[in-house]
Structure formats: structure tokens, C-alpha cells
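Everything below concerns the one structure shown next.
Just so you know, residue 1 is the first one in the sequence shown, and it goes up from there.
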Amino acid sequence: MKVAEALASDLLSWYGKRKRSLPWRETRDPYQIWVSEIMLQQTRVETVIPYFERFMEKFPTLHHLAAAEEAEVLKAWEGLGYYSRARNLHQAVKEVEERYGGVVPDEEEELTRLPGIGPYTSGAILSIAYGKKIPAIDGNVLRVASRLFAITEDVGRGSTRRKIKELLLTIIPEEAPDQFNQALMEIGALVCLPKAPTCEECPVRHYCEGKKKGIESSLPRRKKVEKVKVEQRLTLLLYSPKGVLMRKRKESLLHGMWEFPNWLLKKGENPLPFLEKELSLLGIPLHEIPRPMGEVHHVFSHMIWQLSVFLLMLEEGDVAREDKLGDYCWVSKERYHELPVPIPFQRVYQLNDR
Ligand code: SF4
């Protein structure tokens with residue numbers, strides 16, 4: 001038996017015994033595989049499972065999702081974060097409905113033209129749903145492959161990724177590319193861990209060049225990333241007899257989700273004069289000092305928000321004219337629970353809802 005065949009055989013037999021039972025592994029429906037892969041980006045498997053199950057109950061087929069309103073989709077995604085994933089998925093599904101009659105394409109070129117589908121997701125759909133011999137290289141597979149082949153170049157570079165893809169193509173078996181790709185992901189999740197790979201339990205340890213050279217823990221190598229930006233944001237829970245003041249975001253971050261008024265504060269800036277000025281722009285007088293409610297800390301992939309939350313209750317006579325409020329509107333308690341609200345602002349709301 002050749003080395004590649006022996007490796008695949010050892011890997012697949014380990015996967016048959018050790019694989020976790022996950023809802024998206026019970027199907028070869030390309031729509032379900034697609035949704036699961038999008039949800040799993042940057043998100044832990046345990047977190048995704050209940051979201052995936054609820055999503056499939058609400059939108060059991062591609063046609064159901066294509067026909068849904070964006071707000072319904074964002075609501076179903078609420079709490080999972082990285083909402084551009086949901087918006088892209090919804091947009092892409094609508095395109096599949098219109099352009100391909102609701103059938104998920106089985107060609108890489110067509111798939112990667114859809115919003116939110118890159119080489120990894122396309123590889124996962126093509127290999128798992130359509131049985132095509134194409135690698136699916138997510139973070140886990142990148143780590144396993146860079147160790148298995150002892151790749152010492154920066155894995156952030158396109159040339160290194162192409163090299164890894166070519167090497168994987170030499171070991172993926174024709175007859176089970178779906179199982180093989182998922183087995184590599186599973187090794188990355190359970191055995192070939194980022195800091196401490198448990199090589200003694202690994203089914204491919206006899207083939208692992210990184211292990212043989214004793215460099216496995218230093219792989220994969222990548223250039224240092226820049227420091228994450230921290231934003232200090234003054235955030236206001238402003239209540240009137242009509243509800244709480246909110247707006248639908250137009251910015252690309254959390255686009256389409258609902259937020260409370262919040263402003264970027266400069267370092268050392270005094271929040272109260274700043275708040276007074278911003279409220280006067282909305283036609284709201286500041287008769288009393290807003291009550292500090294606490295801090296909400298939220299980590300995005302590229303940025304951290306530090307939200308300093310203040311509470312202010314307006315009387316009927318202090319409520320600004322609607323035309324002065326611009327994008328903002330008063331939201332009742334019932335409506336708040338129907339709107340898609342991202343986690344940091346849900347936590348802001350809870351500061352006054354205990
Ligand atoms: S032998 Fe160790 S380093 Fe190599 S793939 Fe297995 S767990 Fe990873």
C-alpha cells in the first residue's frame with residue numbers, strides 16, 4: 001500500500017470510531033451543509049448546534065430562507081455574532097433561487113461567486129454534499145496540514161495556502177473526499193490542538209513530518225498581526241413614555257441590527273458635556289444628570305468595544321419632536337423583543353431590565 005493510501009486508511013478508520021455526532025453530519029443536503037459551515041465560522045461547535053437546529057426548523061429548505069425577510073433571518077441569528085454572515089447567506093440563497101432555480105451549484109467557480117462563500121466553504125459543500133475531490137481548508141485543517149507536511153512558511157500567504165492545497169490533493173482519496181475532509185477537521189478539533197497537540201493519540205502520527213522534526217508545536221507559522229483597536233463608546237439608554245430610543249445601524253459592522261445611541265469618546269473626554277451636546281442635537285434638554293449603569297465589554301475579531309452605559313428617563317414634556325430624532329425612533333418593550341439586537345446592546349439593555 002502506498003503512503004498516501006495508508007494515511008487515508010488510518011485516518012478514515014479513526015474517524016469512523018471517534019467522530020462526534022453532529023446534526024449537519026446526518027445529511028448531504030448542500031443547503032444544510034452550507035448553513036452549518038457559515039455558522040461554524042469563528043464559532044464553537046457547541047454554540048452552533050442549537051442555532052443550527054432552530055434555523056432548520058424555521059427555514060427547513062433553501063426556498064424558505066430565500067422567501068424570508070432580512071429582519072427574520074437576523075433575528076434567528078441573534079446572539080451568534082458576525083451578522084454579515086447571515087446577511088451574505090440570505091443574499092446568496094436568494095441568488096441561488098433566482099439564478100439556479102433553487103439548486104445549490106456544484107461547481108467551484110459558481111459557488112465562490114456567491115456572497116460569503118470563499119474557497120473553504122465551497123470546498124466543504126463540494127466535497128461533503130457532492131462528493132468531489134476538493135480540499136476544504138479551514139483553520140483546523142490548515143494547522144493539521146502545516147504540521148503533517150512540516151510547512152514552515154507563513155500560512156497567511158496565498159502561495160503557502162496553494163502549496164498546502166496541492167499537497168492535500170495528493171492524499172485525498174477519490175472514493176471518500178467528504179469523510180477525509182471531515183476527518184482532518186476532526187483531528188484539528190480533538191487531537192492536533194493549537195498549543196498542545198496530543199500526538200500519541202493521533203492516527204496520522206507515523207506520517208507527520210512536523211512531529212518527526214520536533215517542530216509540530218511551532219506550526220503553523222504566521223506573521224504577527226497588528227494590535228486590536230479598543231473603542232471607548234458612550235452609550236445611552238434613553239427612555240420616554242413612548243419607549244426606549246434606538247436606531248437601525250447603517251454602518252457595515254452590525255449592519256441592519258438595532259442599537260441604542262452611542263458615540264466614540266476621545267481619550268480622557270468628559271462624558272457629560274459631550275452627552276449634553278449630542279442630546280441637544282436631537283432636541284432633548286438635559287435637566288438631570290444621567291445615571292451611570294456600568295460597562296459592557298465586547299470583543300469583535302478586529303476591535304474591542306468598551307461601552308460606558310448611562311440611563312436617562314424623560315418626562316412627556318421633554319420628548320423631542322419626531323422630526324428632530326433623525327434615524328432614531330422610540331421602541332416599545334414588545335417591539336424591542338422582535339427586533340434583531342446584537343449581543344453588546346442586549347447586555348446594555350439588561351443593565352436596566354433586571
Ligand atoms: S502527529 Fe501530532 S502534530 Fe502531527 S498531525 Fe498528529 S497531532 Fe498534529
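Ring centers of W24 and F52: under 6.0 Å apart, within the cut-off. Taking the six-membered ring for Trp and the full ring otherwise, the centers of W77 and Y51 sit at least 6.0 Å from each other.
Taking NE2 from H302 and NZ from K229, the interatomic distance works out to 7.0 Å, rounded to the nearest 0.5 Å. Atom CZ in R44 sits 11.0 Å away from atom CD1 in I49 (nearest 0.5 Å).
R85 and T43 share a donor-acceptor pair across their side chains, judged by distance under 3.5 Å alone. Side-chain N/O atoms of S301 and Q42 include no donor and acceptor closer than 3.5 Å. A donor atom on one side chain and an acceptor atom on the other are found under 3.5 Å apart for E295 and Q306.
Side-chain atoms of S122 never come within 3.5 Å of backbone atoms of L111 as a donor-acceptor pair (strictly under, hydrogens ignored). For R347 (side chain) and H297 (main-chain N/O), a donor-acceptor pair under 3.5 Å exists by modelled atom type.
No side-chain heavy atom of R18 sits under 4.5 Å from any side-chain heavy atom of E186. Counting only heavy atoms from C-beta outward, the side chains of I33 and E37 approach each other to under 4.5 Å. Side chains of L311 and P290 form no contact here, defined as non-hydrogen atoms less than 4.5 Å apart. Considering only heavy atoms from C-beta on, Y15 stays 4.5 Å or farther from D10 through its side chain.
The existence of a salt bridge linking E57 and R54 is excluded, since no basic side-chain nitrogen approaches an acidic carboxylate oxygen closer than 4.0 Å. Taking the charged nitrogens against the carboxylate oxygens, R249 and E259 do have a contact shorter than 4.0 Å, which makes a salt bridge. Salt bridge present: D327 and K250 bring a charged side-chain N and a carboxylate O closer than 4.0 Å.
When all heavy atoms of L351 and M293 are compared, the pair lying nearest together is O-CE, 3.3 Å.
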Evaluate the criterion side chain to side chain contact (heavy atoms under 4.5 Å, CB included) for residue pair L238 and I284; output intermediate values, then yes/no. CA-CA 10 Å; L238 181 61; I284 297 169; 3.6 Å; yes
Residue pair Q232, S308: steps toward the side chain to side chain donor-acceptor pair (under 3.5 Å) verdict: CA-CA 7 Å; Q232 186 75 34; S308 308; 2.9 Å; yes
So L245 and L282, side chain to side chain contact (heavy atoms under 4.5 Å, CB included) or not? Walk me through it. CA-CA 11 Å; L245 197 67; L282 297 174; 4.2 Å; yes
Side chain to side chain contact (heavy atoms under 4.5 Å, CB included) evaluation trace for V204 with L184: CA-CA 10 Å; V204 296; L184 276 187; over 6 Å; no
For L286 and L312: C-alpha separation, side-chain torsions, deciding distance, then whether side chain to side chain contact (heavy atoms under 4.5 Å, CB included) applies. CA-CA 9 Å; L286 190 59; L312 187 61; 3.6 Å; yes
Output a table of donor-acceptor pairs, distance under 3.5 Å, between side-chain atoms of residues 61-75 and any protein atom two or more places apart or on a different chain; print 'none' if there are none.
residue: T61; atom: OG1; partner: H63; partner atom: N; Å: 3.3
residue: T61; atom: OG1; partner: H64; partner atom: N; Å: 3.2
residue: T61; atom: OG1; partner: H64; partner atom: ND1; Å: 2.6
residue: H63; atom: ND1; partner: E97; partner atom: OE1; Å: 2.9
residue: H63; atom: ND1; partner: E97; partner atom: OE2; Å: 3.1
residue: H64; atom: ND1; partner: T61; partner atom: N; Å: 3.4
residue: E72; atom: OE1; partner: E69; partner atom: N; Å: 3.0
residue: K75; atom: NZ; partner: E78; partner atom: OE1; Å: 3.3
residue: K75; atom: NZ; partner: E78; partner atom: OE2; Å: 2.9
residue: K75; atom: NZ; partner: H337; partner atom: O; Å: 3.0
residue: K75; atom: NZ; partner: L339; partner atom: O; Å: 3.1

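Ring orientation note: the planes of H298 and F300 are nearly perpendicular, at an angle over 60° on the 30°/60° scale. The aromatic rings of Y336 and Y349 sit parallel, their planes meeting at an angle under 30°, below the 60° perpendicular limit.
The only option from K132, K133, R28 that meets the salt bridge (charged side-chain N to carboxylate O under 4.0 Å, His left out) definition with D178 turns out to be R28. Only one option out of R147, R143, K211 pairs with E216 in a salt bridge (charged side-chain N to carboxylate O under 4.0 Å, His left out); it is K211.
Taking the ring axis of W330 as reference, the NZ or CZ atom of R335 does not stay both within 45° of it and closer than 6.0 Å to the ring centre.
Within a 6.0 Å sphere centred on CZ of R221, heavy atoms belonging to other residues, nucleotides or ligands number more than 12.
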